[in-house]
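Naming: A, B, ... by sequence-line order, numbering from 1 per chain.
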Amino acid sequence: MKFEEIKNILSTKTVGIAGAGGLGSNCAVSLTRIGIGKLIIADFDVITESNLNRQYFFHDQIGLKKVNALKENLLRINPHIEVVPIDEKLNSQSIAFNFGECDVIVEAFDGAEMKKMIIEAVNDFFPEIPLVSAMGMAGYGDSNNMKVVKFDNLYVCGDMVNEVTETMPPIAPRVCIAANMQANVVLRILLNQY
Amino acid sequence: MKILLNNKQEEFEGIDEMNITQLLQLKNFTFKMLVVRINNKGIPKELYEKSTIKDGDEVLVLHLISGG
């Protein structure tokens, strides 16, 4: 398929992104560049200086709401897409409320508890919508350990092992690998490559 | 019995069925934060003992890892 044909397909699609941190902001940038028609992005948090080691924000955006700053950054890259910011901390009810129209949902949380919550919520409310999750991207281990594993409608990107600790911080290179693996899984799902 | 556990064939000789708690013990899965599914149906923690795995079932035991 030529990129023009790919873009025509993608311009009709809607992707939900749960979290606008390391995974969500970087995944959203790639999905914006390839022209996904509509991105629904949820996060309640504010940008801090410590986020800038991996998240797609700028130093002069510290203190702003992540969803609003991300919308601005994405539209500067590609003004032809629609970005819907949702400024709230998600729970299973708000996932059901906000993500029902999505063709694919991206899990982009940092905490294990929230990852569990969304995996269960999407399976309960929208078992037909593919969910692309990320697990294991802390530190600076071997890039070759990063992989995509598929379980029915759940796709998991990452090394599946390395948890965030004091000596295994989440930092740009591997977080961005995981985020872009997620973006590529989304692309493949939308182009019927799975 | 044979099951598909995390996309891999697993054989448990001399066992016809077991519940989730028994599977976690047998496989030595000691992680606390898990998503468990049998044939793509989510199983909450309080139903681990009541949820039976039989020959031919597809089982997912996903260990949730923080970071993002």
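Here the shortest heavy-atom pairing between B/G68 and A/M137 reads N-SD, 3.7 Å. Nearest heavy atoms, B/G67 versus A/L23: O-CD1, 4.1 Å. Between B/E58 and A/D152, the shortest heavy-atom contact is OE1-OD2, 4.3 Å. Of all heavy-atom pairs between B/V35 and A/K116, the closest is CG2-CG, 4.0 Å. Taking each heavy atom of A/F151 and B/L62 in turn, the nearest pair found is CE1-CD1, 4.3 Å. Taking both residues in full, the closest heavy atoms of B/N40 and A/N123 are given as O-ND2, 3.4 Å, listed atom of the first, atom of the second, then distance.
Neither the backbone nor the side chain of A/M168 comes within contact range of chain B, judged by heavy atoms closer than 4.5 Å. Contacts between B/L34 and chain A at a heavy-atom distance below 4.5 Å involve the backbone alone (N, CA, C, O). Using a 4.5 Å cut-off between heavy atoms, A/R54 touches chain B through its side chain atoms alone. For A/E107, no part lies under 4.5 angstrom from a heavy atom of chain B.
You'll find the side chain of B/M33 reaches within 4.5 Å of the side chain of A/E113, heavy atoms only. Taking 4.5 Å as the limit, some side-chain heavy atom of A/I119 sits within range of a side-chain heavy atom of B/R37.
More than 12 heavy-atom neighbours from other residues, nucleotides or ligands sit within 6.0 angstrom of CG on B/N7. A 6.0 Å sphere centred on NZ of A/K150 holds more than 12 heavy atoms belonging to other residues, nucleotides or ligands. Within 6.0 Å of the CD atom in A/E88, the count of heavy atoms belonging to other residues, nucleotides or ligands exceeds 12. Crowding of A/F97 atom CZ: a count of heavy atoms from other residues, nucleotides or ligands under 6.0 Å not exceeding 12. Annotation: B/E13, atom CD; neighbour count of heavy atoms from other residues, nucleotides and ligands within 6.0 Å does not exceed 12. Taking a 6.0 Å sphere around OH of A/Y140, one finds it holds 12 or fewer heavy atoms contributed by other residues, nucleotides or ligands.
With chain B as the partner, the residue from A/V156, A/D124, A/N162, A/V164 showing the most heavy-atom pairs under 4.5 Å is A/V164.
Linking ILVMFWY side-chain heavy atoms closer than 4.5 Å, directly or via other members, places A/F99 and A/L31 in two distinct hydrophobic clusters. Residues A/M117 and A/I105 are members of one and the same hydrophobic cluster, defined by side-chain heavy-atom contacts under 4.5 angstrom among Ile, Leu, Val, Met, Phe, Trp and Tyr. Clustering ILVMFWY residues whenever any of their side-chain heavy atoms sit less than 4.5 angstrom apart, transitively, puts B/L60 in a cluster other than the one holding B/I20.
In this structure, CG on B/L64 lies 12.5 Å from CE on A/M114, to the nearest 0.5 angstrom.
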